[in-house]
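As structure tokens, the structure follows; a few thoughts come after it.
Every value quoted in this text rests on a predicted model; they were computed, and no experiment measured them. Just so it is clear: chains get the letters A, B, ... in the order the sequence lines come, proteins before strands, and each one is counted from 1.
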Amino acid sequence: MSVRVRFAPSPTGFLHIGSLRTALYNYLFAKHHGGQVILRIEDTDRTRFVQGAMEEQIAMLEWAGVTFDEGPHVGGSYGPYIQSERFDLYREHAQALLANGTAYYAFDTAEELDAMRARQQAAGIAPRYDRSAMRNQYTLGDQETARLLADGAHHVIRLAVPLTRDVRYTDLVRGDVVVQGREIDDQILLKSDGFPTYHLANVVDDHLMAITHVIRAEEWLPSTPKHVLLYEAFGWTPPEFAHVPLLLNADRSKMSKRHGDVMVSDFRKRGYMPEALVNYVALCGWNPGTTEEFFTIGELTERFALDRVHKAGAVFDYRKLEWMNAEYLRKADAALLAEQLLPVLSERGYPFIDLDTVAATITLLRERVHFLADIADFGDYIFGDTLAALDADVEASLRANDALVQVCKGLVGTLDLSSSEAFKASVEQHAVAAGVKPGSLMKPLRMVLTHRDVGADLYTTLALIGKERCIARLASFAG
RNA sequence: GCACCGUUCGUCUAGCGGUUAGGACCCCGCCCUUUCACGGCGGUAACACGGGUUCGAGUCCCGUACGGUGUACCA
């Protein structure tokens, strides 16, 4: 049987970095086995729906290179792929459960349920739906239930969890998991508004869409027994489950907004390359078993296996991500990067610069920065005509350097940028005349010409700035 | 509280009974470079604790501690 996995986000906002990783693992696993990846939108909670969230999430996924074989945006033969368009299906299936006695009607109000929980809490017992004390099909009887239903009373449908047995399943990441039935709540399947809960919709859809492997985050682990029970109630074979570890904040809590950027769009905005983000995130919880750590998404697909997924959560290390982005920045094609940098440059008000110059600047400076856009700042003395203001003290000490002033003056007429050697020779000539070693002039010269004390090789930098602008800068300093 | 899951350097991790416990990020030192960075070399740093099992345990078992997740008519 062909592998079919699904990524099932709910359209309540932007795509979380953890969701990206879950989607990625699904994608890698399916593609590794030559299977299909399905996108399904779980919008059964009408109150949390956010307009445009689905499109945003798809866009971010595609930016990262995670694509789908089926989904609301590409179609497929198991649709519709949006749960709100499948409501009849859930109702029918809930009815089937009612008919075979694995589900029942309940009529409790929110207040009654709150009171129940308060009582349980006071008594020091676990809050769980008390089937024998609340207003439901069991306590009311079939006749009263039918009457209430006929009256149009608000009701829900709950799963009748068998109290006396264990529920067990094998998790592909964690191994065997056993939970006692009495620990599992009588989960609501169909809400009083007629909409299904996640639990029902998820099981029905996974079955109907022929999903073979459910790969999702660890937070779903505690509710998996309910799902296993649902498959049983329907008489279906459950899919394989794999619960992948969470991405964590530095304090080891579930990765969240308060501790830094968590939306994929944030990372994109900050200038991360998708290849770097995917590579890094893949390594949070999975490794190939070797010491290699650079992988394209294709290589990840080749190597990925669920049995090499780590069990414990991974603290998200922004610094290592940054390092990895820098690595990708150094290896990427300079011409391609130049095209990406061009709009940034014009946004910052630099005059039009030809692509080759931008590419050459990127090649020159990329190993000194972590992000492509940093080059726009770092290379301001190449891209712009005017230099950043000089610190007053620095300027004073520069002007106090007689030899430097003298050399700069001389260079105005004789600066030779035809080659590195020619440049050095022209500096040397004036340095000797001024009675100083040429080497001692390199730093101050850089200061005069770029207003920076650090940078790439001076000759190459100057060549990029161009003779004309260099001479103007020398003249403005020495003149 | 209860249930489930987890626990190797600060962080990501390798390890699947016998290792000087390896790699990467970070940090530090040296080299390269009259700058910065890259690069190269080297260094600091970990098996949560207690019992077993075994000739031998980071590796297997049981406890304890700590942490996380869940405990909704949210997903």
Exercise. Hey, do the aromatic rings of A:Tyr138 and A:Phe107 have their centres closer than 6.0 Å?
Worked result: no
Seminar exercise, completed: Among the nucleotides B:A75, B:G70, B:C12, whichever has the atom closest to the side chain of A:Tyr198 is B:A75
Exercise. On a whole-Å scale, what distance lies between the P atoms belonging to B:A21 and B:A45?
Worked result: 13 Å
Exercise. Which whole number of Å gives the distance between the P atom of B:A75 and that of B:G51?
Worked result: 49 Å
For this session: Would you mind telling me which of B:C73, B:U34, B:C5 lies closest to the side-chain atoms of A:Lys437?
Result: B:U34
For this session: Under 4.0 Å between any heavy atoms, over every strand shown, what does A:Arg117 touch: base, sugar-phosphate, or nothing? Just pick one.
Result: sugar-phosphate
For this session: Just compare B:G1, B:G23, B:A75 and give me whichever is closest to any side-chain atom of A:His199.
Result: B:A75
Exercise. Checking all strands, does A:Val369 fall into the base, sugar-phosphate, or nothing category for heavy-atom contacts under 4.0 angstrom?
Worked result: nothing
Exercise. A:Asn202 near the nucleic acid: base, sugar-phosphate alone, or nothing, with a heavy-atom cut-off under 4.0 Å?
Worked result: nothing
Exercise. Which is true for A:Val156 with a 4.0 Å heavy-atom rule: it touches a base, it touches only sugar-phosphate, or it touches nothing?
Worked result: base
Problem set entry | Donor + acceptor pair across side chains of A:Tyr198, A:Asp45 (<3.5 Å) | no
Problem set entry | Separation of atom NE2 in A:His243 from atom P in B:C5, rounded to whole Å | 12 Å
For this session: Kindly assign one of parallel, tilted or perpendicular to the pair A:Tyr272 and A:Phe371, based on the angle between their ring planes and the thresholds 30° and 60°.
Result: perpendicular
Exercise. Which of the following nucleotides, B:C25, B:U69, B:G6, is nearest to the side chain of A:Trp323?
Worked result: B:C25
Exercise. Between atom CZ in A:Arg174 and atom C1' in B:G70, what is the gap in whole Å?
Worked result: 13 Å
For this session: Look at the side-chain N and O atoms of A:Asn287 and state whether any lies under 4.0 Å from the OP1 or OP2 oxygen of B:U13.
Result: no
Exercise. Atom CZ of A:Arg46 and atom P of B:C73: how far apart are they, to the nearest Å?
Worked result: 16 Å
Problem set entry | Rounded distance in Å between the P positions of B:C27 and B:G63 | 43 Å
For this session: For the pair A:Phe87 and A:Phe195, name the ring-plane relationship: parallel under 30°, tilted 30 to 60°, perpendicular over 60°.
Result: perpendicular
Exercise. Of the nucleotides B:U34, B:G1, B:C26, which one has an atom closest to the side chain of A:Lys443?
Worked result: B:U34
Problem set entry | B:G29 to B:C61 separation - P atoms, rounded to the nearest Å | 45 Å
Exercise. Using the C1' atom in both, what is the distance from B:G18 to B:U59, to the nearest Å?
Worked result: 11 Å
Exercise. Taking only N and O in the side chain of A:Arg252, is any of them less than 4.0 Å away from OP1 or OP2 of B:C66?
Worked result: no
Problem set entry | A:Arg308 side-chain N/O to B:G15 phosphate OP1/OP2 under 4.0 Å | yes
Problem set entry | Distance below 4.0 Å between A:Lys191 side-chain N/O and B:C74 OP1 or OP2 | yes
For this session: With heavy atoms under 4.0 Å as the rule, sort A:Asp45 into base, sugar-phosphate or nothing.
Result: sugar-phosphate
Exercise. Any idea which of B:G70, B:U11, B:C2 is nearest the A:Glu183 side chain?
Worked result: B:C2
Problem set entry | Ion pair check, A:Asp186 and A:Arg131, cut-off under 4.0 Å | yes
Exercise. Using a cut-off of less than 4.0 Å, is there contact between a side-chain N or O of A:Lys254 and OP1 or OP2 of B:G70?
Worked result: yes
Exercise. Out of B:C2, B:A14, B:C12, which nucleotide sits closest to the side chain of A:His310?
Worked result: B:A14
For this session: Pick the C1' atom in B:C49 and in B:U71, then give their distance to the nearest Å.
Result: 29 Å
Problem set entry | Position toward the 5' end of RNA chain B (nearest nucleotide), A:Glu219 or A:Arg48 | A:Glu219
Problem set entry | Separation of atom CD in A:Glu322 from atom C1' in B:C38, rounded to whole Å | 16 Å
Exercise. Looking only at atom C1', what distance separates B:U20 and B:C47, rounded to whole Å?
Worked result: 16 Å
Exercise. B:U11 C1' sits how many Å from A:Asp317 CG, rounded?
Worked result: 5 Å
Exercise. With both distances under 3.5 angstrom, what nucleotide forms a Watson-Crick or G-U wobble pair with B:C74?
Worked result: none
For this session: Pick base, sugar-phosphate or nothing for A:Ala8, based on heavy-atom distances below 4.0 Å to the nucleic acid.
Result: nothing
Problem set entry | Options B:G67, B:C74, B:G39, nucleotide nearest the side-chain atoms of A:Glu327 | B:G39
Exercise. Is any side-chain N of the basic residue among A:Glu218 and A:Lys254 closer than 4.0 Å to the acidic one's carboxylate O?
Worked result: no
Exercise. Taking atom P in both B:U8 and B:G68, what distance in whole Å separates the two?
Worked result: 15 Å
For this session: Looking at every strand, decide which applies to A:Asp171 at a 4.0 Å heavy-atom threshold: base, sugar-phosphate, or nothing.
Result: nothing
Problem set entry | Selected nucleotide, minimal atom distance to A:Leu246 side chain, candidates B:C12, B:U71, B:G68 | B:G68
Problem set entry | A:Arg399, CZ atom: more than 12 neighbouring heavy atoms under 6.0 Å | yes
For this session: Nearest-nucleotide wise, let me know which of A:Thr197 and A:Arg319 is further upstream toward the 5' end of RNA chain B.
Result: A:Arg319
Problem set entry | Base partner of B:G67, which must satisfy Watson-Crick or wobble distances under 3.5 Å | B:C5
For this session: Looking at every strand, decide which applies to A:Ser223 at a 4.0 Å heavy-atom threshold: base, sugar-phosphate, or nothing.
Result: nothing
Exercise. Given atom CE of A:Met54 and atom P of B:A75, what is their separation to the nearest angstrom?
Worked result: 18 Å
Problem set entry | Who pairs with B:G29 - Watson-Crick or G-U, where each distance is under 3.5 Å | B:C41
Exercise. Salt bridge between A:Asp176 and A:Arg168, side-chain N to carboxylate O under 4.0 Å?
Worked result: no
Exercise. What is the distance, rounded to the nearest whole Å, between atom OH of A:Tyr169 and atom P of B:C4?
Worked result: 11 Å
For this session: For A:Arg330, answer base if it contacts any base atom (sugar-phosphate contacts may also be present), sugar-phosphate if it contacts only those atoms, and nothing otherwise; contact means non-hydrogen atoms under 4.0 Å.
Result: sugar-phosphate
For this session: For the residue pair A:His227 and A:Trp220, categorise the inter-ring angle as parallel (less than 30°), tilted (30 to 60°) or perpendicular (more than 60°).
Result: tilted
Seminar exercise, completed: note: A:Met324, atom CE; B:U11, atom C1'; distance rounded to Å ~ 14 Å
For this session: May I ask you to say what A:Arg216 touches in the nucleic acid, namely base, sugar-phosphate or nothing, with a heavy-atom cut-off under 4.0 Å?
Result: nothing
Problem set entry | A:Ser192, nearest nucleotide to its side chain (from B:C12, B:C73, B:G70) | B:C73
Problem set entry | Partner nucleotide of B:A46 by Watson-Crick or wobble geometry (both distances under 3.5 Å) | none
